[in-house]
2 protein chains.
Amino acid sequence: MAAKYEEIYQSLLNRIEQEEFPVGETIPKEFDLMEEYACSRDTIRKALQLLSQNGYIQKTKRKGSVVLDRTRYEFPVSGVISFKELASTMHGSVETIVTCCELIKPDEKMKVRMNLSDKDKLWMIERVRKIDGESIILDLDFLNATIVPGITKEIAEHSLYDYIEKELNLKIGYANKEITCQKVSENDKQLLDLKEYDMVVNVDSYTYLTDTRIFQFTRSRHRPDKFRFNDFARRTNTFS
Amino acid sequence: MAAKYEEIYQSLLNRIEQEEFPVGETIPKEFDLMEEYACSRDTIRKALQLLSQNGYIQKTKRKGSVVLDRTRYEFPVSGVISFKELASTMHGSVETIVTCCELIKPDEKMKVRMNLSDKDKLWMIERVRKIDGESIILDLDFLNATIVPGITKEIAEHSLYDYIEKELNLKIGYANKEITCQKVSENDKQLLDLKEYDMVVNVDSYTYLTDTRIFQFTRSRHRPDKFRFNDFARRTNTFS
DNA sequence: ATGTATTTGTACGTATGTATG
DNA sequence: ACATACATACGTACAAATACA
């Protein structure tokens with residue numbers, strides 16, 4: 001059962017997307033929402049804060065909360081989501097081909113990167129992501145096998161995050177990503193439909209559990225013309 | 001005067017950076033922080049929420065708030081900041097050359113993009129950013145002159161945001177960015193030290209005031225080898 | 001495996017401050 | 001200058017998760 005403020009967040013989000021509250025208009029004021037949802041102001045404010053954080057509304061004193069226009073910049077949205085989840089929001093046909101899925105002994109670099117002890121082993125999983133029949137993205141994943149045991153090719157084909165969260169009951173907490181641009185490697189050339197491009201967009205992700213253990217490092221290589229990253233950010237650190 | 005929770009946020013941040021609270025350890029529990037800062041739990045929780053949002057701590061029930069390691073991925077950090085502010089956190093020498101700063105009549109595309117009426121004019125500002133003597137970034141800015149009047153070459157050389165916030169007293173609210181990869185243009189070739197690269201990283205930013213008016217569109221072209229973007233994201237939408 | 005204590009999470013209430021139309 | 005809507009801050013109570021006995 002989700003918290004009340006999360007349900008109110010979802011409800012308001014739906015109402016915004018159904019255009020009950022159109023872009024440019026204000027949603028009802030906090031006091032009215034309190035009455036409507038029969039809860040305290042605190043709870044309403046938490047829901048509104050989520051809307052604000054995620055770029056759906058802008059709050060101003062006196063005026064209220066104005067609905068922002070998010071239609072222009074939809075996805076891929078910044079966040080910790082799997083390719084499966086991302087794909088579910090996309091239009092074209094999507095396919096995953098597992099080109100490698102094996103247990104390896106980590107090298108020194110990876111030991112440092114993933115904070116491994118001497119006995120820890122790693123799953124190395126390489127996957128090609130095809131969009132509308134073209135090989136666009138090459139994902140190379142390393143997972144700490146002590147934390148995430150029992151990976152199979154089927155799981156890698158379907159969804160790692162489903163397995164980790166639903167089967168193993170681990171809680172994924174947060175991730176750091178670094179986006180850079182790099183020359184193509186021989187491997188890129190072999191596995192991706194690169195056309196004439198000689199560079200790829202490289203996304204390195206370090207993903208952690210809520211208990212702060214790192215369990216995954218991903219190196220994701222994107223064909224440059226198909227790469228797009230959207231970011232919503234506020235000027236200050238406050239909750240406004 | 002900043003809010004109390006913001007001061008506590010800053011104080012805790014300093015203490016983390018001074019390693020009074022080392023990476024991997026917990027900071028004092030909420031109840032102790034309440035006593036130390038002589039405030040309510042609500043206020044402490046707001047401060048901790050900021051730390052959590054910005055990737056400094058991870059909170060877990062029963063255990064407390066663990067300090068995360070942010071040394072690996074420092075900047076450029078995601079957010080609405082000016083080049084001047086970004087440069088102040090960097091090591092090398094930094095220089096801005098204004099190659100264009102004039103008032104223009106917007107074309108149709110720009111009118112839609114920036115939500116302009118027929119009488120609105122635009123400032124068009126082109127700036128080359130040199131880092132350690134090399135021309136690395138080419139910024140092309142369009143500012144709504146009705147909202148932001150009186151731009152001069154000196155302001156463009158120094159800091160637009162300083163002028164907008166401090167002189168004009170406007171409140172910058174939020175921005176949307178879209179990162180893509182594109183072929184170099186003739187203009188890129190002329191103004192940047194591109195070496196052999198035939199692509200650039202393109203960052204389009206739409207920047208808004210807190211009253212939701214868009215006042216700026218920026219197209220920023222980066223030499224691919226010098227581009228880096230870091231992102232911190234949590235798995236869920238909650239405050240944890 | 002079980003229970004208990006501890007720490008954070010959610011929710012409610014109230015009062016006052018602050019920006020702004 | 002005023003009324004309004006959000007912002008901050010204080011307090012209380014109980015729920016949920018989990019480390020540890």
Side-chain angles (χ1 to χ4, degrees), chain A residues 1-10 12 21 25-53 56-67 165 169-171 173 209-213 234-240, chain B residues 1-10 12 21 25-53 57-67 165 169-173 209-213 234-240:
Chain A
M1 174 67 179
K4 197 186 271 189
Y5 72 85
E6 283 181 327
E7 285 179 9
I8 295 173
Y9 165 75
Q10 270 305 332
L12 291 172
F21 308 135
E25 304 283 303
T26 58
I27 66 175
K29 64 192 188 205
E30 292 177 353
F31 185 80
D32 290 350
L33 290 172
M34 270 171 72
E35 296 207 318
E36 194 180 338
Y37 287 101
C39 66
S40 71
R41 180 144 174 252
D42 185 56
T43 306
I44 293 295
R45 284 180 60 74
K46 279 180 183 161
L48 295 184
Q49 191 186 142
L50 285 182
L51 289 172
S52 170
Q53 254 172 42
Y56 292 102
I57 61 170
Q58 171 69 33
K59 303 171 81 175
T60 40
K61 292 187 184 171
R62 183 65 179 83
K63 204 199 286 178
S65 298
V66 179
V67 178
E165 290 183 317
N169 270 310
L170 296 171
K171 291 189 201 340
L209 299 174
T210 54
D211 64 10
T212 78
R213 284 182 296 168
R234 294 196 173 273
R235 171 67 169 156
T236 55
N237 269 328
T238 48
F239 301 118
S240 306
Chain B
M1 176 66 179
K4 198 186 269 189
Y5 73 84
E6 283 181 328
E7 285 179 9
I8 295 172
Y9 165 74
Q10 269 306 331
L12 290 172
F21 308 134
E25 304 281 304
T26 58
I27 66 175
K29 65 191 186 205
E30 293 176 354
F31 185 81
D32 290 350
L33 290 172
M34 271 172 72
E35 297 207 318
E36 195 181 334
Y37 286 102
C39 66
S40 71
R41 184 153 167 240
D42 185 55
T43 306
I44 293 295
R45 284 180 62 75
K46 280 180 182 161
L48 295 185
Q49 189 186 142
L50 284 182
L51 289 172
S52 171
Q53 254 172 43
I57 61 170
Q58 170 70 32
K59 304 175 81 178
T60 40
K61 289 187 185 171
R62 183 64 181 82
K63 205 201 280 176
S65 299
V66 179
V67 177
E165 290 183 318
N169 271 311
L170 296 172
K171 293 193 199 337
I172 298 170
L209 300 174
T210 53
D211 64 11
T212 77
R213 283 182 297 168
R234 295 196 173 273
R235 171 69 168 156
T236 56
N237 269 328
T238 48
F239 303 116
S240 307

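Every chain is numbered from 1, with letters handed out A, B, ... down the list of sequences.
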Taking N and O atoms by type only, does the side chain of A/Arg41 place a donor or acceptor under 3.5 Å from a partner on the base of D/dA7?
yes

Can you tell me the distance, in whole Å, between the CD atom of B/Glu30 and the C1' atom of C/dT10?
12 Å

Quickly work out the A/Glu6 CD to C/dT10 P distance and round it to whole Å.
7 Å

Would you mind pulling out the nucleotide paired to D/dA1, Watson-Crick or G-U wobble, both distances under 3.5 Å?
none

Between A/Asp42 (CG) and D/dA13 (P), how many Å, whole number?
17 Å

I want to confirm an ordering. Mapping B/Ser65 and A/Thr43 to their closest nucleotides on DNA chain C, which one lands closer to the 5' end?
B/Ser65

Expressed in angstrom and rounded to an integer, what is the separation of A/Gln58 atom CD from D/dC6 atom C1'?
12 Å

Find which nucleotide of DNA chain C each of A/Ser40 and B/Pro28 is nearest to by heavy atoms, and output the residue with the more 5' nucleotide.
B/Pro28

Report yes or no: do B/Arg235 and A/Thr210 form a side-chain donor-acceptor pair below 3.5 Å?
no

Let me know the distance between NZ of A/Lys29 and C1' of C/dA19, rounded to the nearest Å.
17 Å

Rounded off to whole Å, could you give me the CZ-to-C1' distance for the B/Arg45 and D/dG11 pair?
15 Å

Check the interface with nucleotides 17-21 of chain D: list each N/O to N/O pair with the protein under 3.5 Å, or write none.
none

Rounded to whole Å, how long is the line connecting atom OH of A/Tyr5 with atom P of C/dA11?
7 Å

Check the phosphate of D/dT8 against B/Lys46, side-chain N and O only, distance under 4.0 Å to OP1 or OP2. Yes or no?
no

Under a 4.0 Å heavy-atom cut-off, which of residues 31-39 of chain A touch DNA chain D?
none

Check: B/Arg234 side chain, B/Ser52 main-chain N or O, donor-acceptor pair, under 3.5 Å
yes

With both distances under 3.5 angstrom, what nucleotide forms a Watson-Crick or G-U wobble pair with C/dA1?
none

Got a sec, which residues hit salt bridge (charged side-chain N to carboxylate O under 4.0 Å, His left out) with B/Arg62, two or more places apart in sequence or on another chain?
none

Measure the distance from CD on A/Gln49 to C1' on C/dG9 and round it to the nearest whole Å.
14 Å

Nearest heavy-atom contact between B/Thr26 and B/Lys63 is CG2-O, 3.9 Å

